[in-house]
> 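Here it is, the structure, as structure tokens.
Counting convention: from 1, in listed order, for ligands and their atoms alike. Keep in mind that this is a model prediction, so the values were computed, not measured. The basis for the numbers below is simple: all heavy atoms, side chains too, and nothing from hydrogens, waters or symmetry mates.
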Amino acid sequence: MMIPDYIRSSDADSFGRYTICSRFPKIVNDIIENNKGADVRHLTILDEGISGLKIKTLVPVDDNVALFNASIEPFLNQGIFDVPFFTAELFFYQLLAEQLNYRVNGLDYFSTLKNRSLSDAIELISGRLAPFPMDWGAITPEHVVQSLHFALWGNLADLSLFTLAKQSPKGSFSPERILIDDSIAFIEFFRSYRGTVHVFLDNAGYELVSDLYLIAVLLLANPYCKIKAHVKPIPMFVSDTTINDWQLTLAAISDRKEMPPHNWRFVLESALTERRISLTTDPFWSSAYHFSDHWLNVLNVDPGELIICKGDLNYRRFFEDRAWPADTPTEAAVTTTTAPILFLRTLKSEIMTGLQPTTVQGLHITEPDWLIAGKYGIIQFSMR
Ligand SMILES: O=P(O)(O)OC[C@H]1O[C@](O)(CO)[C@@H](O)[C@@H]1O
């Protein structure tokens, strides 16, 4: 099979071009707006002009930057529109961290937005969970399916995308918006799974709360599994979960004693105490490398261990952010060979695999923005 080129932002009407020209300046302006009083003197990214940025090595103050520098080496001195869009985005977020001196002051310049999203999430979540089963003694397959859907749509709440649009898409919870639903195949597999489930987390706020709910359900449904949650080492893509966000979120859940169903926070708390849930991060996550067997090994994911992969960016990493025709079989495009993977993702960028050709043709005609508008989701289980 021909391997397609990376997704790029060179085309005037590409999503990448729109992101670099419209979304990046908005993200920088939001940082300035939300960090009044903080030292943003070195935030010169806008003055220099984002469109004129060239990929360059950053000051290697720690292992994180050093790995990032290695990952962009093939693209040095190239213009931001000339490199793969994936590389361009990671460069933008690393440059922000450098200019905002994150490595020295540790201040998360996206925290205002993230904290607002967390308190909104805690409000919303009680209502959304109300119809869920209250009897946690008997976790049923239906309950697991519900939790998968809940965590899938949690991925809609991406602040980098929808702060610009000001609203998330409508109709997001209707089942016809799930283009692939392998929930049952996943549950069949999970039933007899023994070992660590690696959860590659995505956004903080609403999404992380929904992910923690899913984690609680999985732990109860299968007493022989443990969870290892992987988070980002620096603030990136506006709302991506860092260690600090994880801790704040768990604290916020513990504070809301009345949140139904009453006992899911106890499940989390005791699993944390018993070390059935652990947390980790790695410089890989803020590098421009894609997933491969090598990188899974670096992340201590053993061959055969189950991965739950949240979100759009992580999906792009698994498929090297290439322009795969959307009807490419998933197993043919995925870059790793060692793990069963469950992808829970709402579509927010120009990549997709595993669809029927007729579905793809229909969507292109009826909804030209179906890949990027965040209206569609997938629960896609790959057993490769
Ligand atoms: O939070 P998620 O689901 O990974 O989405 C991040 C995605 O959002 C975007 O910033 C906009 O689509 C993409 O560039 C990126 O893939």
> Mind checking side-chain hydrogen bond (donor to acceptor under 3.5 Å, both in side chains) for Thr330 and listing every partner two or more places apart, or none if nothing turns up?
Thr353, Gln380

> At a 4.0 Å cut-off, with the gap strictly under it, does some heavy atom of Asn203 reach an atom of ligand 1?
yes

> Side chains of Ser254 and Glu269: any donor to acceptor distance under 3.5 Å?
yes

> Would you say Ser183 and Asp181 are linked by a side-chain donor-acceptor pair, where the criterion is simply a distance under 3.5 Å?
yes

> Would you say Phe237 and ligand 1 have an N/O pair spaced under 3.5 Å apart?
no

> With only distance considered, is Ser349 within less than 3.5 Å of ligand 1 through an N or O on each side?
no

> Using a 4.0 Å cutoff against the non-hydrogen atoms of Leu313, which atoms of ligand 1 qualify?
2 (P), 4 (O), 16 (O)

> Is the distance from the ring center of Trp285 to that of Phe291 below 6.0 Å?
yes

> What atoms of ligand 1 come within less than 4.0 Å of a heavy atom belonging to Asn155?
3 (O)

> Can you name the atoms of ligand 1, numbered from 1 with element, that are less than 4.0 Å from a heavy atom of Phe15?
11 (C), 12 (O)

> Tell me whether Asp30 is salt-bridged to Lys26, with the criterion being a basic N under 4.0 Å from an acidic carboxylate O.
yes

> Of Arg23, Lys348, Arg316, Arg345, which has the heavy atom at the shortest distance from atom 15 (C) of ligand 1?
Arg316

> Is the centre of the Phe85 ring less than 6.0 Å from the centre of the Tyr6 ring?
no

> How does Asp312 reach ligand 1, if at all, at less than 4.0 Å between non-hydrogen atoms: by side chain, backbone, both, or neither?
both

